Amino acid sequence: MAKKEQWGSRLGFLLSAVGSAVGLGNIWRFPYQAYENGGGAFLIPYFIAAFTAGIPLIIFEFAIGHRMRSSLPTIFQRLSKRRGYRNWEWIGWFQPLLAIFIATFYAVILSWVFYYIGLSFTNGWGTDCETFFFNDFLQASPSPFAFGQINPVILLLTALIWFLIWIIVFRGIRKGIELAGKIFMPVLAVLMLILMFHQVFQPGAAIGLDALFKPDFKRLSDINLWIRAYGQVFFSMSLGVGTMITYASYLPKESDIVNNAFLTGLLDCAFSLVSGIMIFATLGSMALMQNASIRDVVQGGPSLTFVTIPQVLNRMPASHIFGPLFFVSLAIAGLSSIISLIEPLLSAMIERLKISRKKGVTVICLAGFVFSTLFTFRSGILTLDIADFFSSNFGMLTGGLSELILVCWILKPDFLAEHANLTSDFKVGRFWKLCVSFLTPVILFIILAMNISQAFAPAGENYGGYTFTELFVFGWLMMGILIILSLIIQSLSSKRTKEIIRHIWEEVTPRDKGEDQ
Amino acid sequence: MSVSAVIMMVLSLTLIFGGVVVCSAFAFFRKPTGNNSQTKSETIRHE
């Protein structure tokens with residue numbers, strides 16, 4: 001059996017894990033969530049969520065990967081068979097498949113970012129940034145079913161992104177992913193700090209920072225605020241898709257699990273905070289320039305990145321320097337996340353199908369690119385929006401909840417705590433077990449139930465105002481296919497199914513005459 | 001900028017970056033042998 005690859009250094013692993021956690025969500029989701037949910041008051045549940053759910057869950061996933069040192073399907077197969085329970089191997093297929101699904105539309109969003117890097121040198125989006133983004137660039141259709149034509153620019157850039165992913169992952173753990181992390185993360189940190197310090201000294205920045213940090217303590221009694229804070233932490237830290245488990249499976253045996261998890265979680269929060277300060281300082285200066293209130297200029301998601309920021313850059317001196325810096329930061333954050341989404345399925349293919357990394361990554365990137373084309377049509381931004389909502393709010397939650405139920409409720413997490421404590425400077429105990437066995441599963445279940453009720457709400461009140469058919473086709477159906485596919489692969493890999501297939505094969509293939517006699 | 005906003009910003013940055021510094025210090029001064037843990041973890045792994 002070929003020796004399993006390992007990280008070359010602790011720093012390399014840490015930077016790669018942080019690169020996986022830090023993504024576009026830190027830049028365009030966290031600041032908006034904080035502002036919409038009580039400003040500074042949101043930070044209190046956010047930090048509590050980070051220390052009671054985010055970091056404990058990273059410890060949990062690192063400990064599983066480090067303890068089992070296999071690919072996800074093998075890990076969950078072995079875990080469920082520890083005490084002779086039903087096979088939960090499907091989780092080990094669902095998480096990697098979900099990760100690849102997320103990578104397919106993430107690559108398309110990155111293609112927009114790459115295009116805007118080029119535009120940012122000359123503010124090529126013109127004066128009406130909204131019309132440029134939705135009408136001129138995306139040529140967005142009014143409905144997810146009105147596919148229209150493929151946008152050739154987005155298609156080409158998406159192909160370029162899959163090619164970059166292929167080059168990085170093809171080179172392996174040390175020479176590819178680790179090297180990318182060691183380059184990407186320090187560069188991203190420097191760029192973000194330059195942008196943050198530049199923006200906080202702009203006129204009007206204080207207006208934005210006041211809106212972001214001024215606490216509205218009355219909101220703390222709102223249960224939804226706490227739920228959103230836990231949701232933000234869970235989605236931000238790349239949990240429930242198997243990337244952290246897979247990355248930890250490449251750690252050397254004597255690695256410190258708990259401290260690595262703390263550093264990963266804290267650095268993810270640090271990137272979110274720095275992004276929040278940078279974005280809101282920018283929005284504050286824009287509000288001052290337009291003589292408007294901060295509420296009028298605040299946006300989240302793609303509109304913030306591709307409409308509001310270009311509007312600010314249009315009025316900013318030296319925008320041809322700070323524009324490219326901002327979009328390059330986004331591209332690095334996105335690229336470091338997307339390469340981590342490939343690894344769970346790749347490691348499963350290498351282990352189960354006995355194929356080389358080079359063949360595996362080639363197959364995954366080609367298939368990923370083909371699937372990405374679905375989001376390069378004129379309806380792309382709408383299909384992508386639904387796919388993103390469902391993969392985060394149902395897929396990641398299902399993946400995270402399933403692993404917690406299996407390990408903490410069926411098996412009990414003591415063996416993981418024991419393993420983590422053997423190799424770690426900080427020890428985990430009852431509090432950690434309480435967090436992963438009770439607190440986090442209950443909160444994830446509440447979030448999942450709330451999301452389901454939102455998705456089945458009457459027309460007009462459901463997510464994004466989409467029709468039920470649109471949500472069903474691009475959301476429920478996609479998630480259903482991933483779960484069914486995982487169950488099919490699990491059953492195909494079971495001994496009994498293999499025997500049945502062999503038996504059928506022997507029945508349908510003509511026997512040798514000599515054998516009959 | 002209001003006083004409460006400044007306090008929240010300073011507290012948040014101190015908590016997060018302070019945590020990063022403390023954890024990094026532990027990581028930096030960690031013994032290369034990792035608490036002689038290789039033998040122990042091997043024992044568990046082969047149970």
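Letters A, B, ... mirror the listed sequences (proteins, then strands); counts begin at 1. Because the structure is predicted, anything quoted here is derived from the model rather than measured.
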- Task: Identify which part of B/F17 has an atom lying under 4.5 Å from any heavy atom of chain A, answering side chain, backbone, both or neither.
- Result: side chain
- Query: In terms of heavy-atom proximity below 4.5 Å to chain B, should A/F271 be classed as side chain, backbone, both, or neither?
  - Reply: neither
- Of all of A/L209, A/L212, A/D256, A/L267, which one pairs up most often with chain B through heavy atoms under 4.5 Å apart? A/D256
- Query: Are any non-hydrogen side-chain atoms of A/F47 and B/L15 less than 4.5 angstrom apart?
  - Reply: yes
- If you measure from OG on B/S4 to CZ on A/F217, what distance do you get to the nearest 0.5 Å? 7.0 Å
- Message: Taking the side chain as everything from C-beta on, heavy atoms only, tell me whether A/L273 gets closer than 4.5 Å to B/M9.
- Response: no
- Heavy atoms, side chains only, cut-off 4.5 Å: are B/S12 and A/F213 in contact? yes
- Checking heavy atoms, do the side chain of B/L13, its backbone, both or neither come under 4.5 Å from chain A? both
- A/L43 versus chain B, the contacting section by heavy-atom distance below 4.5 Å: side chain
- chain B heavy atoms under 4.5 Å from A/F426: which part of the residue, side chain, backbone, both or neither? side chain
- Item | Over 12 foreign heavy atoms within 6.0 Å of CZ, B/F26 | no
- Top contributor to chain B contacts, counting heavy-atom pairs under 4.5 Å, from A/A206, A/P215, A/A50: A/P215
- To the nearest 0.5 angstrom, please state how far the SG atom of B/C23 sits from the CG atom of A/L266. 5.5 Å
- Item | Atom group of A/L11 that falls short of 4.5 Å from chain B, counting heavy atoms | neither
- Task: For residues A/C269 and B/I16, report the shortest heavy-atom separation together with the two atoms involved.
- Result: CB-CD1, 3.7 Å
